[in-house]
Protein chains: 2
Amino acid sequence: MDRFLPYINKHIQLTPTEEAILQANIKYKNYLKGQYIVQNDEICRCHSFIESGKVRTFYLDKNGNEHIVAFGIEEWWVGDIGSLITQSPADFNVQCLEKTQVVQIYYENLQRLYRDVPKIERVFRLIIQNAYVSAQKRIVRNFSLTARDRYLLLLEEYPAFVQRFPQYMIASYLGITKEFLSQIRNQLAKEAKS
Amino acid sequence: MDRFLPYINKHIQLTPTEEAILQANIKYKNYLKGQYIVQNDEICRCHSFIESGKVRTFYLDKNGNEHIVAFGIEEWWVGDIGSLITQSPADFNVQCLEKTQVVQIYYENLQRLYRDVPKIERVFRLIIQNAYVSAQKRIVRNFSLTARDRYLLLLEEYPAFVQRFPQYMIASYLGITKEFLSQIRNQLAKEAKS
DNA sequence: AAAGAAAAATAAGGTAGTTTAAGAAAAAAA
DNA sequence: TTTTTTTCTTAAACTACCTTATTTTTCTTT
């Protein structure tokens with residue numbers, strides 16, 4: 001039940017006092033399968049760290065099609081940062097796909113932490129920096145790789161995702177249809193035999 | 001020649017002492033048309049703020065094709081953040097497309113500033129946060145919009161780009177060929193008439 | 001102003017990925 | 001166990017976008 005503090009301590013070293021302030025500004029929460037942590041058009045009030053469980057972050061386009069923009073498993077942060085930082089309606093939905101426990105930092109508490117424990121600003125700069133670098137990688141890959149190569153890369157880099165999320169969600173994350181992913185997998189299986 | 005300090009002061013308020021420390025940790029530099037601020041496979045040593053001029057950030061895929069991942073004009077930051085933060089070889093190239101003046105903060109100076117002027121950590125958190133939000137928007141759009149709609153959106157949101165950068169670069173930025181963009185524009189022109 | 005180079009337009013044929021629809025397999029519920 | 005629901009597969013027709021090649025226009029340089 002406590003992955004959170006060890007995670008924070010990977011980035012910075014907190015004094016006992018600072019740790020106490022941090023503890024006072026977080027909340028533990030449990031979600032059931034299917035429940036939403038963030039909902040489209042509502043303001044995202046907190047950023048959530050996954051203690052256990054799994055979630056998907058998705059977006060509904062104007063035709064009502066779902067597009068998965070991120071997965072979340074243990075030790076990942078989820079939320080809609082765009083909505084959080086401007087306290088404006090969210091573009092994304094964050095939905096739990098199984099019973100999920102999270103640690104949440106609410107907007108006001110985060111601002112207070114930035115003020116009272118400046119080291120926290122560093123943690124979040126680092127978190128966002130890494131998120132930004134992966135987002136850019138994703139853009140580049142969607143430009144220059146075929147669906148097949150993107151799938152192979154996902155298998156290599158995040159095998160846990162391919163195991164824990166259903167195929168139609170993997171397809172959506174890769175930006176292709178489930179039918180086409182099925183076709184790719186079929187082809188890869190054939191190649192493996194010969 | 002001085003857009004930099006006013007830009008910083010939009011985000012935070014510096015005391016005269018802090019401002020002096022900041023000034024001591026930046027460098028002004030001029031580039032000619034065609035010169036590179038960052039080069040693929042070399043370590044990106046600084047982050048650059050554009051005072052005047054224009055640049056493109058691009059990536060060469062394994063077939064040697066260029067893919068533009070970002071444009072930069074006055075008051076934009078450019079560089080390869082992935083390379084900068086880990087001090088590892090850059091994936092991207094940042095090239096000036098005309099005479100360009102920049103303010104640069106070198107890696108070591110940035111670390112020193114984070115330590116000595118903690119407010120600076122806030123500025124960079126904010127810069128990266130915004131960059132991350134736009135990167136995510138871009139991922140979503142590339143998934144759910146057609147090339148035509150992406151072009152229309154670019155025209156609406158950043159008309160300056162469409163005016164200041166040649167069409168084949170705009171096409172590359174949108175993730176399509178120059179021929180296809182030409183076709184789209186042709187079609188839009190026809191529609192405008194009738 | 002002319003010459004040369006770079007950028008943009010046009011057109012035809014090709015391919016990666018989509019759509020639709022039907023059926024099979026697997027998982028969840030009863 | 002059977003039923004119901006969810007997920008995955010297969011295949012054929014279709015579309016958005018690509019490739020290649022040629023021509024025209026615009027920008028640079030002298």
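Lettering follows sequence order; numbering is per chain, from 1. Side chains are part of it too, since the values below use all heavy atoms of this structure and drop only hydrogens, waters and symmetry mates.
Atom OH of A:Tyr151 is separated from atom P of C:dG17 by 15 Å (rounded to the nearest Å). In this structure, B:Leu188 places its CG atom 15 Å from C1' of C:dA9, rounding to the nearest Å. The interatomic distance linking B:Ile184 (CD1) with C:dA9 (C1') rounds to 14 Å, in whole Å. What separates CZ of A:Arg150 from P of C:dA16 is a distance of 13 Å, to the nearest Å. Atom CD in A:Gln183 sits about 14 Å away from atom C1' in C:dT20, given to the nearest Å. A straight line from CD of A:Glu179 to C1' of C:dA21 spans 10 Å, rounded to a whole angstrom. In this structure, NZ of A:Lys178 is placed 12 Å from C1' of D:dT10, rounded to the nearest angstrom. B:Leu181 has its CG atom 17 Å from the P atom of D:dA16, to the nearest Å.
Between the side chain of B:Glu121 and the main chain of A:Glu121, no donor-acceptor pair closer than 3.5 Å is present.
Here the rule is side chain to side chain contact (heavy atoms under 4.5 Å, CB included) with A:Arg185, and of A:Arg148, A:Gln167, A:Lys190 only A:Gln167 fits it. Checked options B:Phe165, B:Trp76, B:Phe71, B:Tyr173; the residue passing with B:Tyr158 is B:Trp76 (criterion: ring pair (Phe, Tyr, Trp, His ring centres under 6.0 Å)).
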Practice task
Could you walk me through whether A:Lys29 and A:Glu51 pass the salt bridge (Lys or Arg N to Asp or Glu O under 4.0 Å) test, one step at a time?
Solution key: CA-CA 10 Å; A:Lys29 184 151 175 180; A:Glu51 282 279 339; over 6 Å; no
Practice task
Start with the C-alpha distance between B:Glu75 and B:Arg3, add both sets of side-chain angles, then the distance that settles salt bridge (Lys or Arg N to Asp or Glu O under 4.0 Å), and finish with yes or no.
Solution key: CA-CA 7 Å; B:Glu75 302 206 1; B:Arg3 296 171 183 267; 3.5 Å; yes
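Proximity note for A:Phe180 (side chain, C-beta onward) versus D:dC17, C:dT10, C:dT18: the nearest is C:dT18. Side chain of B:Asn186, nearest nucleotide from C:dT19, C:dG17, C:dT10: C:dT10.
Within a heavy-atom distance below 4.0 Å of DNA chain D, the residues of residues 166-175 of chain A found are A:Pro166, A:Gln167, A:Tyr168. Of the residues in residues 137-147 of chain B, those with a non-hydrogen atom less than 4.0 angstrom from any atom of DNA chain D are B:Thr146, B:Ala147.
The cationic group of A:Lys27 lies under 6.0 Å from the six-membered ring centre of A:Tyr106 and within 45° of the ring axis, placing it in a cation-pi geometry.
Both B:Lys33 and B:Arg148 lie near DNA chain D, and the one whose nearest nucleotide falls closer to the 5' end is B:Arg148.
The shortest distance between the side-chain N/O atoms of A:Ser182 and the OP1/OP2 oxygens of D:dC8 is not below 4.0 Å. Distances shorter than 4.0 Å separate none of the side-chain N or O atoms of A:Arg185 from OP1 or OP2 on D:dT10.
The aromatic rings of B:His67 and B:Tyr59 lie tilted to each other, with the angle between the two planes from 30° to 60°. Using the six-membered ring where Trp is involved, A:Tyr7 and A:Phe49 have ring planes that are tilted, between 30° and 60° apart.
Between A:Ile68 and B:Phe143, the shortest heavy-atom distance links the atoms O-CE1, 4.0 Å.
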